[in-house]
Amino acid sequence: MNPIERYVHRRFARVSRSAEQRVGLAAGVRWALRYVFPDHWSFLLGEIALYSFIVLVATGIYLTLFYIPSDSQVIYHGPYALLQGEQMSEAYRSVLNISFTVPAGLLFRQVHHWAADVFIASIVLHLIRIFFTGAYRKPRDLNYFIGLTMLMLAILEGFAGYSLVDDLLSGMGLAIAYGVAVAIPGIGGQFATLIWGGPFPGNSTFWPRLEIVHVLLIPVTLAVLITLHLVMIMRQHHSQFPGPGRRERNVVGTPTWPAYALRSIGLMLAVAGVLFLLGGLIQINPIWQWGPYHPYLSENGAQPDWYIGWLIGALRLMPNWELVISGRTVIPNPFWGGAAFPLFVFAIMFAWPAIERRFTGDVRRHDLLERPRDRPIRTAIGAGFLSWVVIVFAVGSTDRIFYRLGVSYTLQIHVWRVGIWIIPIVVFFVTLSACRALQRTGAHPLRAWQGQVIQRTGDGRVEVLAGSPDRDTPPISEPPVGTAPAEEARSR
Amino acid sequence: MSPDDPSPVTRWGRLLGALVALGTTARAAARRGPVPRPPGAGEVDPSERTVPASPRAESIVAVLLLLAAVFAFAFTVLYIVLSGNTQLLGIAMGGALLLLAVACIVAGKLVVPQETHVEERGPLLVEEETEEVIHIIEAGGQGISRRALLVGAGGVAGAALLTATATPLASLGPTLGPLHHTPWARGVRLVDDEARPYLASDIQIGTFYTALPEHGDPEAFGAGLLVVRLPANFIDLPAARRDWAPYGILAYSKICPHAGCAISLYRYPTYAPTSQIPAFTCPCHYSTFLPGEGGRLIFGPAGRALPQLPLMVDGQGYLRAAGPFHEDIGPSWWGVHRSQS
């Protein structure tokens, strides 16, 4: 130790003791510093979501300093020439000002928008990882429910966020949201007029309400749920893939301090860095192109942010069924696609752990993950269900497919109304047989290697050092991680 | 752009090249790092600790940190000098963050000690402790003879208080009354979005016009109308609506009765033998309605026809509403008035 280091050490020790005399947290801090994180890339998807949320809060706070939640009609006189003299809401004008007159305003707005898309995308990928590796099983089922709740809130939050802009695109989105809200059987009319303060487009109080939902109510709820999510995980410790030395009752990995902390901080900075590059270089939601919203205006070719795509797809795919009993509308059409469909998808996901317990009778605690192939039925059901939702999502872009590729819109809808029921079944059986084939060969689906390693010896012969299992030569690689649970699965 | 111009593209190319070179160096340094442990099998203790720090890795991290500082400083300079060029600011901030990120990751993998640690997972349910907690909680009720009564009364009080707290939420919105309201009534003139009244002769065949109520709120949901003129061979209205379309001019609510978007696509046959009959389409979910047949739906998810507004032409040739809508406009709800046709 050189003198400077010795000085720093003494100061650090003194400050630590002084703090400890007041808070007494050393045991907890020691526990946190030694907490073990299993090393697997798929565990980082949730971290990406967490770090996107941090970027969202930081950029969002900046945006609230300039946003005005008001529908007062004003005349635009800002620097954007094409909207000069246009009548618009004060809310829309304030977002135009963020984009054109506030220095760095457009950067922060675009970073915020990109971060929202990445936030929800990483939550969905995280959920897919959780599902296909069985990480939602006891004791993590409660945490899985919290995650699903956060996904619902995140979608709502994203929608509220881009609705605040009050440009033509967001106005159309709000009109559809109103159409879905008002369609809720029985209470829809009261519910929608309660939220909007009257029939669409509502009264002036709607805008402060939407803003407070977007900047306070949902973010605070998300922050509380994220905290719960993390506290629960730390109490249970991370799950891990099986492997040498890895058992149900231990965790093998990198302790928080110092290596994992540095890597994770690195990931946070990388997420923020990529979001800033995206926000700076790749335009997203050019609100000035659409102009202000008026209920009597709309634009063709409107596409929502990606996480709303499945709802627009469901609304489009749904046949024009409305339940009418003796001239009285009981279930208006938008309820099916806009509310019943997403609620059904989430209900299935919430119910899944219980459904699986019911069929397997497995109520034990599980801390080792399963490879998707080792639970072929679960994986096949998951893949089929996912394909079902993805098709509906893709139908949300049928008008763009017509525009770009010239495939008739009506034809696409008619085809998908049938395909939506056939393709998931096909996906189910294809996945099932793929899982079983992978179980038999033991090959990695992506890393399956078909080559050989050969060496020419001194006397000119060719000696095979290693080859793929298909070639009757023994592989020298270690046995694939997680062979043990496969046997367990078969013996069940 | 001449080939020897130091164009921005080549400058970015050089920067990219420098970054790739840096990455390669880092990878090379990584390879010189800890040797991967040969794979074991069965119950082995995989914990290990190596201290890989090398002057080379340390200087890479230092260079990355200084570069990050340069980018971050550039952000401030660009903000002041260019007063917010979005692209450059994004590159500066994104670059600073990414360089810091790489510095952290390189430090995390090549500078600080590398450990694989094994931690035991305790049981979550400890029987005795749980028993004790249950006992402590239940012991709080000792000696109380009418426990059920107290708990019940407490529950009632809680529920009543909760209801009382939630009741003011009703102030948020009005009751259903205004849902049925539109600004259209007999005699209201049709005007365009700059408040100029429409003459019947303004309405040409082959396109559609957006009309709003004169002196009415243009932002009201029911305000917008679609107005078209059709030749007689395309008009086949229900008997009760025969006189709703003077001179073949028809008016419909512009709000789609599916989910409330404004209808803004109009199909009019340009070549009769191959084209289809005139139709309105909503750009949100593609509900398609026939203006010649009282707004009948021929495709898409809408559950009812497009509401039609009866028209008349006054003595000076202006278009006026001949009455209110005969059904509710906009998306349907429980209790919506549907057309009887």
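These numbers come from the heavy atoms of this one structure, side chains and all, not from hydrogens, waters or symmetry mates. By convention in this document, chain letters (A, B, ...) are assigned in the order of the sequence lines, proteins followed by strands, and residues within each chain are numbered from 1.
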Legend entry - Side-chain touch A/L315/B/H258, heavy atoms, less than 4.5 angstrom: yes
Legend entry - A/T193 vs B/L179, side chain to side chain contact (heavy atoms under 4.5 Å, CB included): CA-CA, chis, key distance, verdict: CA-CA 8 Å; A/T193 49; B/L179 268 179; 4.0 Å; yes
Legend entry - 4.5 Å side-chain heavy-atom contact, A/F200 and B/E219: no
Inset, instruction - Output yes when a side-chain donor or acceptor of A/R263 lies under 3.5 Å from a complementary backbone atom of B/I105, and no otherwise. - result: no
Legend entry - Non-hydrogen atoms of A/G273 and B/L97 that approach each other most closely: CA-CB, 3.5 Å
Inset, instruction - For A/W257 and B/E115, work out which heavy atoms get closest and say how close. - result: O-OE1, 4.0 Å
Inset, instruction - Mind listing the closest non-hydrogen atom pair of A/V36 and B/E119 along with its distance? - result: N-OE1, 3.0 Å
Legend entry - Main-chain N/O of B/H337 paired to A/R328 side chain as donor or acceptor, under 3.5 Å: no
Legend entry - Any side-chain heavy-atom pair of B/H117 and A/V252 under 4.5 Å: no
Inset, instruction - Determine, step by step, whether A/R247 and B/E120 satisfy the salt bridge (charged side-chain N to carboxylate O under 4.0 Å, His left out) criterion, reporting the C-alpha distance in whole Å, the side-chain angles of both residues, the deciding distance to 0.1 Å, and the verdict. - result: CA-CA 9 Å; A/R247 289 174 288 109; B/E120 292 303 313; 3.6 Å; yes
Inset, instruction - Determine the option with the most heavy-atom pairs under 4.5 angstrom with chain A, choosing from B/V336, B/N85, B/L265. - result: B/L265
Inset, instruction - Quick one: do B/D193 and A/Y296 satisfy side chain to side chain contact (heavy atoms under 4.5 Å, CB included)? Show the steps, please. - result: CA-CA 10 Å; B/D193 60 355; A/Y296 57 86; 4.0 Å; yes
Inset, instruction - State whether a side-chain donor-acceptor pair under 3.5 Å links B/S332 with A/T329. - result: no
